[in-house]
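First up is the structure itself, then whatever we jot down about it.
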Amino acid sequence: MFLQQVFNGLTIGMTYALVAVGFSMVYGVLELANFANGAFYILAPYILFLMFSSMSWGLLPAIILAIIVTGVVGALMDHFILATIRKNKAPVSSSMVATLGVSTVITNGLIAIFGSDTKPIPSNVGIDSIHISTAILTGTQVLIIIAAVIIMVVLSLIVYKTKLGSAMRSIAQNGTAARMMGVNVNSIITITFFIGSACAAIAGAMTSMYYGSVDTMLYFSVSVKTFASVILGGIGSVPGAMLGGMLIGMLETFITGYVTSAYRDTISFMIIIVLLIVRPTGLLGQKKITKV
Amino acid sequence: MPLLQVTDLHVSYGAIKAVQGISFYLNEGEVVTLLGANGAGKSTTMNTIIGIVKASQGKIEFDGQDITGMPSHQIIKRGIALSPEGRQVFPRMSVTENLKMGAYTAKDSKVVVKGIQQAFDLFPILKERQNQLAGTLSGGEQQMLAVARALMTDPKLLILDEPSLGLAPIIVKDIFALITKISQMGITVLLVEQNARMALGVSDRGYVLETGKIVIEGRSDDLLVNPEVRNAYLGG
């Protein structure tokens, strides 16, 4: 029982961590809470459903297409909507409302096209289950854990070891100075949106495969959990988002397993409230260094 | 033909006219000072040259090309580097990472290696602090880092915006000695300062900016003895 809870918590935690990292990267470069991130998370499984079930594509090509399309939608949102808002020097809150608008368009568009009923998503990924004493790690769980670890390692390498990552961090620390160094700030932000949205897409696709279904209600629950993860880990911190996502997933699974499932989605809210009072910078968040 | 030619530049922030029709130029190899009190429009002019702020009217030509209204990343590629007012280092990056950011537009990794070597030669203290986060450096060290970062790509034109601001007098002396050294490396320097005596001491020519307009211009030696300049900027 305990080991099984660890496996389940780890799986869910990995998906939360992935969404939270994407959200955090965007937050880092713009200090913008991207409300459309949850919509990108559910957009991917619907594309997967359309390609796999209706057009009988293979699972892997369908997943790849879902990830790319979602990433592009995120990048386009930035390029056509948010970049214009930045150009007009409107406050970040305008961009935030715009992302809320985009998320509404996407979620309602999905309901209009696919209906509001639950859609089946294939969950057989062709990997054998692993039995460890009485606990089972299903093929989907194996895939989620391996894929999430690889992606998070790659993302960390991008952020901390590449020129693109340096550009992202420079914008996060001092956007004006980044421009003075010759960083093309707008295109770096658009690339960041692509990566962030693709992360949400990967997590969304994998979670829907894990549950075997998708519906638009997932939008709300994943949004809350993303906020909880980034606040727990420390807003804008990439390793913090990973840690926060993992902890939220674990906590949720254990409380559901050992106490009651009635409060599953409430746990995230409680974590947000307690942390904002006790430790607003989160576990790995940094206070801004302001030195003149 | 001058390396930098600014003609009838106007810059506004909404209804506020920060720069009202200024013209000046820099010949290759010169050190030119732009003097002026707080709010005279000095930093606005620098930020407009580098493309951070857009001009509402006028023309900026660099190295024979019109760069007015170009995005910053394209202007910087052409060989202008700015050490901004207030240092503006990346606080949560190490000294070395900050220097690498200075060479962001360089395609060749040899430029980065050479630039870092040059920075450490010019400022040995930065070598000692290379792995330290820039936000934890002292003000003087941050200023050195900002200058070193701007020098990373061997720019044709280096703009130094108030490099002496908020620094101890002994460090200010070092900074001005450094300007002469940079000039000897063959880099044209545009120096923006409030410290008129020091600035005119190291520069060939100077302009005095008041409320968005150039009111006096001339050779630095002449400006040092100009009664108006003496009264306003040199304490009589």
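Each chain gets a letter, A, B and so on, in the order the sequences are listed, and its residues count up from 1.
- Residues of residues 24-48 of chain B that come within less than 4.5 angstrom of chain A, heavy atom to heavy atom, are B/Asn47 in numerical order.
- Residue B/Lys54 qualifies as enclosed at atom NZ: its count of foreign heavy atoms under 6.0 Å is above 12.
- Among residues 102-124 of chain B, the residues having any heavy atom closer than 4.5 Å to a heavy atom of chain A are, in sequence order, B/Gly102, B/Ala103, B/Tyr104, B/Thr105, B/Ala106.
- Between B/Ile50 atom CD1 and A/Met180 atom CE the span is 7.5 Å, to the nearest 0.5 Å.
- Atom-to-atom distance recorded for B/Lys100:NZ and A/Ser170:OG is 14.0 Å, nearest 0.5 angstrom.
- Here the side chain of B/Gln88 pairs no donor or acceptor atom with the backbone of A/Ala177 at under 3.5 angstrom.
- Nearest approach of A/Asn174 to B/Val89, heavy atoms of both residues: ND2-O, 4.2 Å.
- Annotation: residues 150-165 of chain B contacts chain A through no residue [non-hydrogen atoms, separation under 4.5 Å].
- Heavy atoms from other residues, nucleotides or ligands lying under 6.0 Å from NZ of A/Lys163 number more than 12.
- The shortest heavy-atom contact between A/Gln173 and B/Met93 is OE1-N, 3.5 Å.
- The 12-atom threshold is exceeded at NE2 of B/His10, counting heavy atoms of other residues, nucleotides or ligands nearer than 6.0 Å.
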Inset, instruction - Before giving the answer on side chain to side chain contact (heavy atoms under 4.5 Å, CB included), spell out for A/Val183 and B/Met101 the whole-Å C-alpha distance, their side-chain angles and the decisive distance to 0.1 Å. - result: CA-CA 9 Å; A/Val183 175; B/Met101 282 309 297; 3.7 Å; yes
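- Residues of residues 69-85 of chain B that come within less than 4.5 angstrom of chain A, heavy atom to heavy atom, are B/Ser72, B/His73, B/Ile76, B/Leu82, B/Pro84 in numerical order.
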